[in-house]
Amino acid sequence: MATIKEKLLRFLYDRPLKSGSRVGANYEIWHVLGMGSYGITYTAEDKMTGKLCAIKQLRPTKAKTVSGIRSFQREAELMRAVSGSGFPELYDVIEQDGSYFLVMEYVDGRTFEDLIFEDGRIFSEVDTMDVLDELCTLVSVLHTQGIYHRDLRIPNILDVGGRLKIIDFGLACYQDDDPEDEDPRYPEKQVMRAVSPSSDFYHMGHFALFLLYSGFEPSQKKERTWEEELSVSQEFKKVLRKMLQIDSPYTEVHQVINDLRELKIMVKKR
Ligand SMILES: Nc1ncnc2c1ncn2[C@@H]1O[C@H](COP(=O)(O)OP(=O)(O)OP(=O)(O)O)[C@@H](O)[C@H]1O
């Protein structure tokens, strides 16, 4: 959590670039897509090719810290290593007057956050299993390359005309990275940031719950657990319990894919 001083410094120094600003020789900033804790992301045009792209700038306050620059370099390294159509391609890495930019493919899609909270999309149990199955396939591409994403949340997964893309490698790591020192008072954070496949399964379990809750109509004032509230099959709940590490967790992504595929056949037959 940012302190008041950090928030004030961000407000004073982390002003986004104005539209029309140049980044490197070729890129012209159009507008801000979003501001996260580490970066400011813009749409931009490559003036050489006329192509639209996305540019993530390391926040100026972070660009003054060794850890900020290190995490920027890490994100660039991981994005370069990741290949496949399910991830944005990294075009360029630019350092300009003490500012740092990742220039990447613009993903023209809707995040699952947009789909649920803006478009009012409702995902049934079968829809959720289908999306999860495709997401696991992308995650298996990452895990095969020894990469864990560790931030598979609804704002970081996009639907691009029926196909998924995963963005934001700001928290991703390699399987042989040392784990960060997480505060033992927050055990959930330790699970979310674990340097193991389980961190991705845990996030995907929560991702699936967001999809399933899109169709939930509360009928009681009393809050109940997700297992009591959601009317999904016991078999799918079992899969989710393993993803969320309530029951003996999955150790590799093909186990999740196999369970989901068996389950889809069973549920679709009913
Ligand atoms: N390659 C991309 N194509 C299209 N939109 C993108 C792309 N990358 C990021 N965005 C959008 O830009 C916004 C901010 O993205 P990003 O995920 O980089 O930052 P964040 O998660 O908010 O920040 P941080 O990682 O700094 O905490 C989001 O709305 C996201 O959907």
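In this chain, residues are counted from 1 in sequence order. Counting starts at 1 for both ligands and their atoms, following the listed order.
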**OP:** Answer yes or no: is there an ion pair linking Glu77 with Arg80, defined by an N-O contact shorter than 4.0 Å?
**Re:** no
Original post:
Quick check, are the ring centers of Tyr42 and His31 under 6.0 angstrom apart?
Top reply: no
Original post:
Counting only non-hydrogen atoms of the protein, does one fall under 4.0 Å from atom 28 (C) of ligand 1?
Top reply: no
Original post:
Hey, looking at atom 23 (O) of ligand 1, which of Gly170, Gly109, Gly36 has the closest heavy atom?
Top reply: Gly36
Original post:
Which one of Pro155, Ser37, Cys53, Pro88 has a non-hydrogen atom at the shortest distance from atom 24 (P) of ligand 1?
Top reply: Ser37
**OP:** Measure Lys56 to ligand 1 on non-hydrogen atoms and call it side chain, backbone, both or neither using the 4.0 Å cut-off.
**Re:** side chain
**OP:** Could you tell me whether some N/O pair between Thr111 and ligand 1 is separated by less than 3.5 angstrom?
**Re:** no
Subject >> Euclidean distance, Glu28 CD relative to Ser19 OG, rounded to 0.5 Å >> reply: 8.0 Å
Original post:
Tell me: protein heavy atom nearest atom 30 (C) of ligand 1, and distance?
Top reply: Ile167 CD1, 3.7 Å
Original post:
What distance separates Leu138 CG from His149 NE2, expressed to the nearest 0.5 Å?
Top reply: 10.5 Å
Original post:
CD/Glu235 to CG/Leu240 distance, rounded to the nearest 0.5 angstrom?
Top reply: 12.0 Å
**OP:** For residues Phe112 and Phe210, establish whether the separation of their ring centroids is below 6.0 Å.
**Re:** no
Original post:
Counting only heavy atoms, which portion of Leu171 has something under 4.0 Å from ligand 1: side chain, backbone, both, or neither?
Top reply: neither
Original post:
If you measure from each non-hydrogen atom of Leu158 to ligand 1, which part falls under 4.0 Å: side chain, backbone, both or neither?
Top reply: neither
